[in-house]
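Chain letters run A, B, ... following the sequence lines, proteins first and then strands; every chain starts at 1.
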Amino acid sequence: MQHIYLDNAATTALDPAVREAMLPFLGSEFGNPSSRHPLGVGAREAVDLARRQVARATGAEPQDVIFTSGGTEANNLAVLGLARAAAKRGKHLLIGATEHPSVAEAATALQQEGFEVERLCLDSGGEVDLQALKALLRPDTCLVAQMLINNEFGTRYDIPRMARILRANAPQALLHVDAVQSLGKLQLSMGELGAHSLAISAHKVHGPKGSGALVMAPGLRPRPLVFGGGQERGVRGGTENVAGIVGLGKAAELAELHVNSGAFQDGRLRESLRTRLQEVPGARLLDPGAERSPAVCAILLPGAPAEVWMHHLEQRGLYTSVGSACQANKQGIPPALLALGLDEGQAKRVLRVSFCHTSSEGELDALIQALQAIERELGRLN
Amino acid sequence: MKQEHVVVARYGELWLKGRNRPQFERVLVQNVKEALRSITKCRVERATGILVVHPESRAGDVARRLTEIFGFSSISPALAVGHDLEHITSAAAQVLEQAVEGLPAKGKITFRVATKRAEKRFPMTSTELDVHIADNILGPYEERMVIKLKDPELELGVYVRPEATYVFAERLPGAGGLPVGTLGRVVSLLSGGIDSPVASHQAMKRGCEVIYAAFHSYPFIGESYMAKIRRLVRSLARYQPHSVLYQVPFSEIQVAIRDHTPHSYRTVLYRRMMQRISSVIARREKAMALVTGESIGQVASQTLENMSCIGAASDHLVIRPLVTFDKSETIDIARKIGTFELSIEDEPDCCTVFQPPKPIIRGKLAICLDAETSIDVEGLVQAAMDGCVREVIE
């Protein structure tokens with residue numbers, strides 16, 4: 001059975017063009033970028049090209065791109081590395097209400113080193129509570145970490161505004177932005193965001209797994225997590241994952257092209273989904289916040305827990321998810337759902353559908369039909 | 001006219017040029033379009049004394065990028081509106097709100113509105129408009145804002161011009177200089193060091209388009225040296241639209257000099273050969289001068305005597321932008337223009353191969369000329385030119 005993949009926020013299919021770009025580096029072009037013979041020089045040039053591609057897609061400078069083993073390491077490097085480097089100026093951290101564990105757990109680990117970590121909260125509209133942010137900022141706040149697009153509901157948080165508030169109230173504090181769900185969904189620009197660092201991941205944008213980057217503002221130097229032979233300006237040791245880096249570069253370049261095309265144009269697919277869900281009794285799209293990603297949609301379903309819906313959909317060849325794949329097994333109501341006023345029962349009935357640039361109205365049709373059928377089926381059971 | 005995010009860039013010295021100005025402006029527009037191509041789609045409009053860029057998105061990035069383009073004195077991201085007083089005031093309120101959010105949250109802020117009214121049909125005078133805008137937008141900040149006409153911390157600029165009204169609070173310093181390409185072409189002798197990229201940048205600043213010549217002593221030094229040179233050229237490519245790099249094979253020349261001339265003169269003689277070859281490249285590329293990173297007394301080959309000996313090898317004008325710079329001054333610029341980190345990457349260059357143990361400090365031209373009778377200068381230059389590779393680097 002051919003499947004319809006609607007779990008692109010978990011991971012995406014490798015783009016053939018990305019695979020094509022990577023292949024030579026899994027074959028004859030196996031040089032070490034640090035070698036001074038032509039094989040090494042070729043590898044180094046490939047890594048440099050990827051650095052420029054990533055820089056261009058994020059509005060940064062090539063020398064400020066640090067390649068990592070993925071989004072998790074990029075977030076770890078930002079939180080641990082930047083906080084440790086800034087520890088002299090203060091040991092107070094603020095972490096967004098809905099941060100991915102790669103941010104939140106890293107911050108928790110810093111508590112062992114004498115850092116004080118506090119969490120931001122969301123307001124009733126599902127936005128970052130900016131008044132609370134102002135109140136929490138202190139002269140010793142060294143880092144604020146806030147995701148740009150919520151990986152479960154698609155809320156797009158107002159980072160530029162947060163950045164201005166930081167500049168005014170705690171100019172010493174750095175702003176780290178987890179943009180893992182944002183690349184390829186909206187135009188990313190370090191400058192426009194006012195961020196000091198940005199984490200991205202290749203496999204969320206049709207690149208390979210095991211490849212990501214931390215993109216920084218000029219002049220920043222996080223303490224390394226991985227020590228080695230001076231690669232990545234000494235910030236991240238270890239021989240470069242050349243094929244993975246090349247894949248990330250190509251994927252970032254393509255992601256930039258997809259931003260204004262296909263399914264993401266004006267949030268077309270998200271709007272369709274909202275309208276079409278009226279055809280499924282008891283179902284509706286959750287719309288937290290003022291602005292939302294066109295790619296990540298949370299659906300509140302009637303009756304059975306989302307897990308049940310998910311498996312019934314998968315039986316029909318439609319792949320979706322419950323919560324984010326990274327958190328699917330955890331207990332508790334996510335803060336973003338609490339902010340929407342959902343109770344515990346409702347929180348369990350939230351299904352995530354996430355699109356990519358090739359997602360189509362046809363796939364949406366199939367989803368709606370399947371949901372209608374499952375609704376009838378599950379309804380009979382009650 | 002609906003409200004639009006634009007970037008206003010003010011001409012620098014260009015404004016002083018007389019009859020050449022339209023041509024200078026055309027080149028500048030081209031350079032701007034080329035520089036912004038990788039950031040966003042945009043339309044570039046020429047207005048009196050300023051360029052107005054209408055980007056589809058990323059206006060902030062566009063503004064920052066323009067600070068690197070030679071020919072502007074300052075740059076402002078702005079809101080463009082029509083001539084309707086209500087629209088102007090509302091734009092001013094928005095710009096002010098953003099600007100205030102980025103200022104210290106406590107304490108007084110000195111402030112003024114500065115209107116420039118080039119559209120004389122506009123019914124209010126500049127001062128009337130200043131007062132009207134201030135009166136209508138300061139409400140929410142009344143407690144904090146103190147009007148100060150001289151050097152306020154926050155200046156809200158309003159340009160009322162025939163095509164539109166621009167409202168802005170930010171003024172980023174421009175790169176100054178003249179548009180690259182308006183003052184002709186030069187050939188810059190690029191080594192992997194700190195100086196020559198800075199010298200190249202300085203030449204661009206004065207409107208010169210730079211063609212690079214790099215000398216490669218393969219197999220005495222590796223391909224990774226040329227890779228480093230390419231990285232440097234690429235990093236400088238942000239300051240001029242197109243970059244051409246000549247890779248000149250140089251080992252044969254170095255071997256000939258090593259084997260047939262007094263060893264203390266080696267470095268001076270290498271450099272004379274580089275100068276000659278660069279002159280040939282300059283003629284081929286219709287360039288009018290050579291650029292080097294020499295600075296008096298910095299190394300043995302850069303004494304006045306040796307620089308005279310080296311300069312005499314070519315009849316082209318030799319420009320040495322760093323001639324009176326201290327090393328620290330050069331390093332400061334290298335850091336600013338983004339070449340320093342690349343320059344200090346550990347990589348031997350062709351002058352460190354066959355370096356004499358005791359280089360001559362006060363070279364004499366007569367001895368250079370005499371030494372060169374032992375080698376086939378013309379043949380070696382010709383062979384180097386035959387073997388050189390011309391590469392366009394984006």
Item to check | Whether over 12 other heavy atoms sit under 6.0 Å from A:Arg233 CZ | outcome: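 More than 12 within 6.0 Å, yes.
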
Item to check | Neighbour count >12 (heavy atoms, 6.0 Å) for atom NE2, B:His5 | outcome: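 Open.
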
Checklist entry - Does a side-chain N-to-carboxylate-O contact under 4.0 Å join A:Glu61 and B:Arg238? => result yes

Checklist entry - Are A:Arg167 and B:Glu101 side-chain neighbours, meaning at least one heavy-atom pair lies under 4.5 Å? => result no

Item to check | Which portion of A:Ala60 sits near chain B, non-hydrogen atoms under 4.5 angstrom | outcome: neither

Next on the checklist: Can you tell me which portion of A:Glu45 sits under 4.5 Å from chain B's heavy atoms? Options are side chain, backbone, both or neither.
Outcome noted: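 Answer is side chain: those atoms of A:Glu45 sit under 4.5 Å from chain B.
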
Next on the checklist: Test your reading of the model: is there a side-chain donor-acceptor pair from B:Glu223 to the backbone of A:His37, 3.5 Å cut-off?
Outcome noted: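 No, because the side chain of B:Glu223 does not come within donor-acceptor range (under 3.5 Å) of the backbone of A:His37.
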
Portion of [X] that has a non-hydrogen atom of chain A nearer than 4.5 angstrom:
X        : value
B:Glu345 : side chain
B:Arg231 : side chain
B:Arg65  : neither

Item to check | Residues that B:Arg64 engages under salt bridge (charged side-chain N to carboxylate O under 4.0 Å, His left out), provided they are two or more places apart | outcome: B:Asp61

Checklist outcome for this item: Smallest heavy-atom separation, A:Gln187 atom then B:Ile39 atom, equals NE2-O, 4.3 Å

